[in-house]
Amino acid sequence: LSPDRLKEVAAKIARLHATCVIGNAASDNDQLRAIADAAQIKTAPIDIYGADLKEGPDLYFKAMKEIAAGFAACLANP
């Protein structure tokens, strides 16, 4: 994100009174950190593919639980 774009994103977050920004753990980590710093907001990198989980018959359910936990942690009161 350019500095100007980062300012726009931070301003929009403030206008919306957002408490959390969610991103893709596989590709958005640097951008999420920049947004968190600029907007003073919590972020949650979510592994939407379960890439860090062990394969198996319960992979989908583990991935969904981790995604839900990421959302819950990010949205929780400070």
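When a residue number appears, it is its place in the shown sequence, counting from 1.
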A.B. asks: So how far is it from Ile22 CD1 to Phe71 CZ, rounded to the nearest 0.5 Å?
C.D. replies: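 So the gap between those two atoms works out to 4.5 Å.
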
A.B. asks: Is any side-chain heavy atom of Leu6 less than 4.5 Å from a side-chain heavy atom of Ile35?
C.D. replies: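 Yes; the side chains approach each other to less than 4.5 Å.
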
A.B. asks: Should Leu53 and Phe61 be regarded as members of a common hydrophobic cluster, given that ILVMFWY residues are connected when their side-chain heavy atoms come within less than 4.5 Å of each other, either directly or indirectly?
C.D. replies: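 No; tracing contacts between hydrophobic side chains, which count when under 4.5 Å, never links both residues.
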
A.B. asks: Would you say Met64 ends up clustered with Leu59 if hydrophobic residues are merged whenever their side chains have heavy atoms under 4.5 Å apart, either directly or through other cluster members?
C.D. replies: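 As far as the 4.5 Å side-chain criterion goes, Met64 and Leu59 are not connected within one cluster.
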
A.B. asks: Taking all atoms of both residues into account, what is the closest heavy-atom pair of Ile46 and Gly70, and its distance?
C.D. replies: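 In this case the closest contact between Ile46 and Gly70 is CD1-CA, 3.9 Å.
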
A.B. asks: Given the rule that I, L, V, M, F, W and Y join up when any side-chain heavy atoms are under 4.5 Å apart, are Leu32 and Leu75 in one cluster?
C.D. replies: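 Different clusters.
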
A.B. asks: State whether the side chain of Asp52 and the backbone N or O of Asp47 hold a donor-acceptor pair below 3.5 Å, judged by distance alone.
C.D. replies: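 No; judged by distance alone, with no hydrogens or angles, the pair does not exist.
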
A.B. asks: Is there a path of hydrophobic side-chain contacts, each under 4.5 Å between heavy atoms of I, L, V, M, F, W or Y residues, that connects Ile41 with Val9?
C.D. replies: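 Yes, one cluster joins them.
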
A.B. asks: Between the side chain of Lys62 and the main-chain N/O of Lys54, is any donor-acceptor distance below 3.5 Å?
C.D. replies: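 No, Lys62 side chain to Lys54 backbone: no donor-acceptor pair under 3.5 Å.
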
